[in-house]
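The structure appears below as structure tokens.
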Amino acid sequence: MPAPRPAPTVATPRVMGPTAGAFYLAGGGSALAVVLGSPFPSASAQAQLGALATTALLAGAALLLRGHLLPRWAFHVVVGLGTALITLAVPHCPSIATALAISTVYLFVAVDVVFFFTWRQSLAHLTALAAAAAGVLGDRPGMTPGVAVALGAVLVVVSTVVGILVQRASSAGRDSLTGLANRRGFDDALDGALAVAERTGVPLSAALLDVDHFKRVNDRSGHAAGDDLLRAVGEECRRALPPGAVLARYGGDEFAVLLPGAAGPAALEAVERLRTAGSRAGLSCGVAELLPGESGADLMRRADSALYAAKAAGRGRARLADDASAVLARDLADALAAGDVRAWFQPIVDLADGAVVGVEALARWTHPVRGQVPPLEFVHAAETTGLVRELGQAVLADACRGALAVRRAWDRDLVLTVNVSGRELACRDYPERVLEVLAETGFPAASLVLEVTESVVDASGQAALTALRALRAHGIGVAIDDFGTGYSAFSRLDTLPADYLKLDAVFTADITTSPRRAGMLEALLSLSDALGLRVIAEGVETPEQARLLTGMGCPLAQGWLFSRPVPPHELAARVPGRPAGRAAAPREHQRTGAA
Ligand code: C2E
Ligand code: CA
Ligand code: CA
């Protein structure tokens with residue numbers, strides 16, 4: 001009994017269809033040669049063999065053109081039909097020579113069988129084939145035991161050799177631990193599915209599944225326990241797999257699923273079933289649906305981003321990559337390449353005398369169809385698609401050039417503040433890239449301030465703190481952005497390496513109506529002073545807010561009262577406000593001593 005063997009991974013409908021088609025055409029052609037090139041005792045036998053040959057030729061053409069669209073099970077019918085056609089053809093052959101010639105076509109069927117199916121299924125098909133051949137040839141005059149053995153031997157040897165070779169070829173795409181497809185097998189299946197999706201327009205989705213806290217299992221219970229867990233998870237998922245889906249071990253503790261025919265929501269549902277089918281471990285899953293024109297790598301990258309989001313949201317859940325972001329990100333990539341994402345400036349003023357002492361760079365992008373896109377939207381799109389490095393670098397460089405132009409036009413120093421996203425800050429080479437931009441543009445490090453939020457620093461962990469400290473060592477300042485929203489904590493103020501504290505607009509808006517808020521602000525101002533942090537109040541819209549802030553001793557502010565964000569050349573053309581007096585030149589960033 002041959003060893004159990006899964007159906008070969010190389011045998012996908014994309015390969016099976018044309019293979020079966022070619023064999024049908026060759027078989028039909030052989031029969032036609034017999035019909036046209038042999039003397040027949042009766043015209044009706046000749047006509048019937050001709051009809052069978054034509055059937056085989058038509059089936060071959062159909063398989064060649066459309067066979068790749070057939071479901072796997074349909075190939076059992078294809079193979080069975082092949083056996084039936086040959087078995088019907090042989091009795092019409094006028095001589096033993098022509099009967100043997102047609103019988104060699106059984107070989108085509110045998111090769112199909114071992115190529116397409118598991119050993120067990122192959123054995124069933126081959127047994128039926130051998131019985132049919134024996135039945136139809138056995139009592140023919142001129143048939144001897146020697147000929148039967150020779151014919152049988154050729155059949156057995158060819159099908160065994162082809163079966164083994166196919167198995168060899170397939171094992172390259174298989175993971176030895178779980179028996180599932182490996183990454184290579186998955187990529188092959190993905191290529192095939194992409195071609196089908198492109199041709200037919202049928203949806204295609206992919207998912208990445210990650211075993212939660214796998215490292216902990218490995219560390220605590222050893223690698224054997226880890227392997228057991230992976231095998232169990234693979235098996236549980238395989239059982240819950242919808243028909244037509246491909247499951248693979250993608251690497252480490254990550255599995256991948258290919259879902260041909262499933263649009264995003266249906267794919268999410270299917271993956272949710274896989275996730276809840278497993279009892280052995282929690283799974284985090286990211287799902288993405290193929291977008292028009294997208295490559296397999298793009299699709300998997302978006303599934304990976306969705307997986308990241310699922311993990312960030314607390315693991316043990318499935319997330320669907322959002323298409324809107326992906327579409328926007330593609331346009332954003334073009335805009336970045338064309339230099340269409342620009343830095344606009346909102347002035348930061350000294351409340352004591354109204355002089356502009358700095359500018360905050362705010363990214364601006366006018367989409368060719370949508371018009372102005374809110375920066376929060378395209379920053380999010382960039383973060384979820386790996387574009388954030390390019391975006392950050394483009395805005396920083398443009399901001400440095402713009403700020404230099406305003407400084408030259410006004411003939412005074414100005415601080416430039418630039419927003420930094422969390423994913424950007426977590427990049428290993430972030431500090432080097434900032435320094436590169438400064439070197440390229442010639443903007444002085446001592447006049448640059450990077451704005452980060454507390455939550456960004458917390459989420460990015462130690463890497464973010466290290467990057468900020470490295471940048472401060474070069475004289476670059478750090479501002480804590482949006483303070484007073486979320487879980488801003490006073491206690492964090494002395495541990496963050498910062499020079500400025502930016503008070504969120506929501507906080508500013510309340511000070512004129514809430515005496516408690518006003519009291520908190522006064523306390524915060526004196527605390528910041530003690531810590532060497534300069535406070536910038538954001539979102540100042542009314543003279544009353546400005547008056548109150550000035551009265552409390554808030555040093556700096558920005559908001560629509562002073563100016564909306566404007567392009568650098570527009571700011572450069574303005575009269576710079578009060579001449580550079582005592583407060584116009586920015587102070588060097590003060591050190592909090594908390595680096
Ligand atoms: P943010 O850093 O808090 O920026 C301040 C936002 O408040 C800006 O919105 C600004 O236009 C708006 N603003 C200014 N003065 C007033 C005012 O008086 N009243 C009100 N209601 N709003 C005011 P914007 O430009 O839409 O930017 C939104 C957010 O997008 C920014 O919030 C920042 O988090 C992010 N962002 C903008 N540019 C970049 C960038 O280059 N990189 C990154 N990572 N994020 C950016
Ligand atoms: Ca900001
Ligand atoms: Ca802010």
Side-chain angles (χ1 to χ4, degrees), residues 329 332 335-336 340-349 356 358-366 371-403 415-427 430 433-434 437 448-457 459-460 464 477-486 488 498-512 535-546 549 556-568 571:
L332 179 62
L336 284 170
D340 287 345
V341 179
R342 306 305 303 264
W344 283 26
F345 289 159
Q346 182 173 44
I348 299 170
V349 302
V356 175
V359 290
E360 176 178 6
L362 293 160
R364 291 291 180 268
W365 171 35
T366 306
Q372 283 248 342
V373 185
L376 278 176
E377 192 180 332
F378 66 78
V379 168
H380 170 75
E383 283 188 324
T384 51
T385 51
L387 261 184
V388 77
R389 276 169 71 115
E390 284 90 334
L391 175 65
Q393 197 143 353
V395 172
L396 178 62
D398 196 45
C400 286
R401 284 189 288 266
V415 169
L416 166 67
T417 78
V418 177
N419 294 283
V420 182
S421 117
R423 278 230 164 166
E424 213 182 341
L425 199 57
C427 292
Y430 180 68
R433 282 188 296 119
V434 170
V437 171
L448 179 66
V449 175
L450 299 173
E451 298 196 5
V452 295
T453 63
E454 268 181 289
S455 56
V456 152
V457 177
S460 313
V478 173
I480 301 169
D481 202 358
D482 301 344
F483 191 81
T485 56
S488 301
D499 310 278
Y500 294 86
L501 189 67
K502 297 197 74 172
L503 202 61
D504 192 75
V506 177
F507 209 106
T508 310
D510 284 348
I511 54 166
T512 50
V535 174
I536 305 174
E538 289 191 297
V540 178
E541 293 181 354
T542 66
E544 195 192 353
Q545 287 168 345
L549 287 164
L556 303 167
Q558 64 185 97
W560 295 345
L561 175 67
F562 310 107
S563 170
R564 300 242 172 188
V566 291
L571 194 63

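As the structure is a prediction and not an experimental result, all values here were calculated from the model. Atoms within each ligand, like the ligands themselves, are counted from 1 in listed order.
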Nearest 0.5 Å, what's the CG-CD1 distance between Leu503 and Ile511? 8.0 Å
Location of contacts on Glu538 toward ligand 1, heavy atoms closer than 4.0 Å: side chain
Give me the atom names and distance for the closest heavy-atom approach of Leu561 to Ala546. CD2-CB, 3.6 Å
Which residue supplies the protein heavy atom nearest to atom 18 (O) of ligand 1, what is that atom called, and how far is it? Trp560 N, 2.9 Å
Using a 4.0 Å cutoff against the non-hydrogen atoms of Ser421, which atoms of ligand 1 qualify? 44 (N)
Counting heavy atoms only, which of Ala363, Ala343, Ala557 comes nearest to atom 38 (N) of ligand 1? Ala363
d(Trp365 CH2, Glu377 CD) to nearest 0.5 Å is 8.5 Å
Is the closest heavy atom of Pro565 to ligand 1 under 4.0 Å? yes
For Asp481, the N, O or S atom at the shortest distance from the Ca ion (ligand 2) is OD2
Hey, is Arg364 touching ligand 1 through its side chain, its backbone, both or neither, going by heavy atoms under 4.0 Å? side chain
Number the atoms of ligand 1 from 1 as they appear, then name those within less than 4.0 Å of a heavy atom of Gly559, with their elements. 15 (N), 18 (O)
Check: Pro375 N/O within less than 3.5 Å of ligand 1 N/O: no
Non-hydrogen atoms of Val418 and Ala399 that approach each other most closely: CG2-CB, 4.2 Å
Under 3.5 Å, side chain of Asp482 to main-chain N/O of Thr453, donor-acceptor pair present? no
Against heavy atoms of Glu360, which atoms of ligand 1 measure under 4.0 Å? 2 (O), 4 (O)
Step by step, work out the salt bridge (Lys or Arg N to Asp or Glu O under 4.0 Å) result for Arg423 and Glu383. CA-CA 7 Å; Arg423 278 230 164 166; Glu383 283 188 324; over 6 Å; no
Given that the side chain starts at C-beta and the backbone is N, CA, C, O, which of these parts of Val379 lies under 4.0 Å from ligand 1, counting heavy atoms, or is it both or neither? side chain
Winner among Thr542, Val506, Val395 once heavy atoms are compared against atom 41 (O) of ligand 1: Val395
To which protein heavy atom is atom 6 (C) of ligand 1 closest, and what is the distance rounded to 0.1 Å? Leu362 CD2, 4.7 Å
Give the contacting part of Val388 toward ligand 1: side chain, backbone, both or neither, where contact means a heavy-atom distance below 4.0 Å. neither
Ignoring angles and geometry beyond distance, decide whether Glu541 reaches within less than 3.5 Å of ligand 1 through its nitrogen or oxygen atoms. yes
Once you restrict to heavy atoms under 4.0 Å, what part of Leu391 touches ligand 1? Side chain, backbone, both or neither. neither
Quick check: does Asn419 put an N/O/S atom under 3.0 Å from the Ca ion (ligand 2)? yes
So which protein heavy atom does atom 3 (O) of ligand 1 come closest to, and at what separation? Asp482 OD1, 3.2 Å
Option set Leu376, Val341, Thr453, criterion heavy-atom distance to atom 28 (C) of ligand 1, minimum: Leu376
Is it true that, when you exclude Arg364 itself, more than 12 heavy atoms of the residues, nucleotides or ligands shown sit nearer than 6.0 Å to its CZ? yes
For Asp340 and Thr366, run side-chain contact (heavy atoms from CB on, under 4.5 Å): C-alpha distance rounded to whole Å, both residues' side-chain angles, the deciding distance at 0.1 Å, then the answer. CA-CA 8 Å; Asp340 287 345; Thr366 306; over 6 Å; no
Is there a side-chain hydrogen bond (donor to acceptor under 3.5 Å, both in side chains) between Glu360 and Gln346? Walk through the geometry before answering. CA-CA 5 Å; Glu360 176 178 6; Gln346 182 173 44; over 6 Å; no
I'd like to know whether ligand 1 has Gly539 as a neighbour, heavy-atom separation below 4.0 Å. yes
In Glu451, which N, O or S atom comes closest to the Ca ion (ligand 2)? OE1
The Ca ion (ligand 2) is nearest to which N, O or S atom of Glu360? OE2
Closest heavy-atom contact between Asp398 and Ala343? OD2-N, 2.8 Å
Give me the atom names and distance for the closest heavy-atom approach of Pro347 to Val359. CA-CG1, 4.2 Å
Could you check atom 42 (N) of ligand 1 against the protein and tell me its nearest heavy-atom contact, residue, atom and distance included? Asn419 O, 3.5 Å
Look at the side chain of Thr508 and the backbone N and O of Asp504, then say whether any donor-acceptor pair between them is shorter than 3.5 Å. yes
If we only consider heavy atoms of Arg564, is any one of them less than 4.0 Å away from an atom in ligand 1? no
My question is simple, although I want it checked carefully: is atom 32 (O) of ligand 1 less than 4.0 angstrom from any protein heavy atom? no
With the threshold set at 4.0 Å, does a side-chain nitrogen-carboxylate oxygen contact exist between Glu424 and Arg389? no
of all protein heavy atoms, closest to atom 15 (N) of ligand 1 is Gln346 NE2, 2.9 Å
Please confirm whether the backbone N or O of Ala361 pairs with a side-chain atom of Asn419, one donor and one acceptor, at under 3.5 Å? yes
Establish, from distance only, whether the side-chain atoms of Thr512 and Gln545 form a donor-acceptor pair under 3.5 Å. no
